[in-house]
**Student:** 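After the structure tokens below, expect a handful of questions from me.
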Amino acid sequence: QVQLVESGGGLVQPGGSLRLSCAASGILFGLYPMNWYRQAPGKERELVAGIAVSGSTDYADSVADRFTISRDNAKNTLYLQMNSLKPEDTAVYYCNVVIRSRDYWGQGTQVTVSS
């Protein structure tokens with residue numbers, strides 16, 4: 001049974017930083033590309049960053065110079081380091097993996113950027 005559990009969200013002031021984690025179980029973590037998505041109120045879920053099995057990364061233009069996605073295959077954990085946060089980064093952040101064309105999601109972690 002695939003399980004993804006996000007943590008690390010919270011309230012932060014503009015310009016601040018947060019580090020999100022996603023603990024994965026029930027899969028051979030190192031064999032799959034992993035993704036971070038986010039969904040803001042009233043908006044569609046959007047892809048924020050992805051990391052391949054090789055470790056190569058890809059980012060949405062809006063976060064490319066501020067966020068860093070990484071993975072620790074020994075710990076079955078995905079990370080998202082978020083720096084220089086802006087109010088428009090406020091959203092629920094989700095960890096995602098696609099296995100045999102099926103999407104798996106965590107429960108999400110709320111990130112609120114506000115003064």
**Student:** Calculate, to the nearest 0.5 Å, the distance between atoms CG and CG belonging to Asn96 and Leu47 respectively.
**Tutor:**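 Interatomic distance, Asn96 CG to Leu47 CG, rounded to 0.5 Å: 8.0 Å.
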**Student:** Does anything in residues 2-57 form a ring-ring contact (aromatic ring centres under 6.0 Å, His included)? List the pairs, not counting sequence neighbours.
**Tutor:** Tyr37-Trp105
**Student:** Should Ser56 and Ile51 count as side-chain neighbours, where that means a heavy-atom distance under 4.5 Å?
**Tutor:** no
**Student:** Might you confirm whether atom CD of Glu88 has over 12 heavy atoms from other residues, nucleotides or ligands at distances under 6.0 Å?
**Tutor:**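 Count over threshold, so yes.
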**Student:** Indicate yes or no: at least one non-hydrogen side-chain atom of Val2 is less than 4.5 angstrom from one of Ile99.
**Tutor:**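 Yes, side chains in contact.
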**Student:** On the ring face of Tyr94, is Arg38 found with NZ or CZ under 6.0 Å from the centre and within 45° of the axis?
**Tutor:** no
**Student:** Measuring from Asn35:CG to Leu78:CG, what's the distance to the nearest 0.5 Å?
**Tutor:**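 Result: 8.0 Å between the selected atoms.
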**Student:** For Gly108, is there any backbone N or O sitting under 3.5 Å from a side-chain donor or acceptor partner on Glu6?
**Tutor:** yes
**Student:** I'd like to check Tyr79 versus Thr68 (side-chain heavy atoms, cut-off strictly below 4.5 Å). Are they in contact?
**Tutor:**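 No, side chains not in contact.
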**Student:** Just verifying a value: how many Å separate Thr90 OG1 and Gln110 CD, rounded to the nearest 0.5 Å?
**Tutor:**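 One gets 7.0 Å once the value is rounded to the nearest 0.5 Å.
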**Student:** Find out whether Val98 and Pro33 are in side-chain contact, i.e. whether some heavy atom of one side chain is under 4.5 Å from a heavy atom of the other.
**Tutor:** no
**Student:** With a 3.5 Å distance limit and no angle check, can you tell me whether Arg71 reaches the backbone of Ala52 through a side-chain donor-acceptor pair?
**Tutor:** yes
**Student:** Looking at Tyr104 and Cys95, would you say the former's side chain and the latter's main chain have a donor-acceptor pair under 3.5 Å?
**Tutor:** no
**Student:** State which residues pass side chain to side chain contact (heavy atoms under 4.5 Å, CB included) with Val111; sequence neighbours excluded, sorted by chain then number.
**Tutor:** Leu18, Leu20, Met82, Tyr93, Val113
**Student:** Do Thr77 and Asp72 have a side chain donor and acceptor closer than 3.5 Å?
**Tutor:** no
**Student:** Can you check whether Gly9's main-chain N or O pairs, donor with acceptor, with Thr109's side chain at less than 3.5 Å?
**Tutor:** yes
**Student:** Between CE of Met34 and CG of Leu80, what distance do you get to the nearest 0.5 Å?
**Tutor:**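 So the CE of Met34 and the CG of Leu80 are separated by 12.0 Å.
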**Student:** Using a cut-off of 6.0 Å, state whether more than 12 heavy atoms not belonging to Leu28 lie near its atom CG.
**Tutor:**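 At most 12 heavy atoms, drawn from other residues, nucleotides or ligands, come within 6.0 Å of this atom.
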**Student:** Working to the nearest 0.5 Å, report the span between CG of Asp89 and OG1 of Thr112.
**Tutor:**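 Those atoms lie 11.0 Å apart.
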**Student:** Please report the interatomic distance CZ(Arg45) to CG(Asp103), rounded to the nearest 0.5 Å.
**Tutor:**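 Here the rounded value is 9.0 Å.
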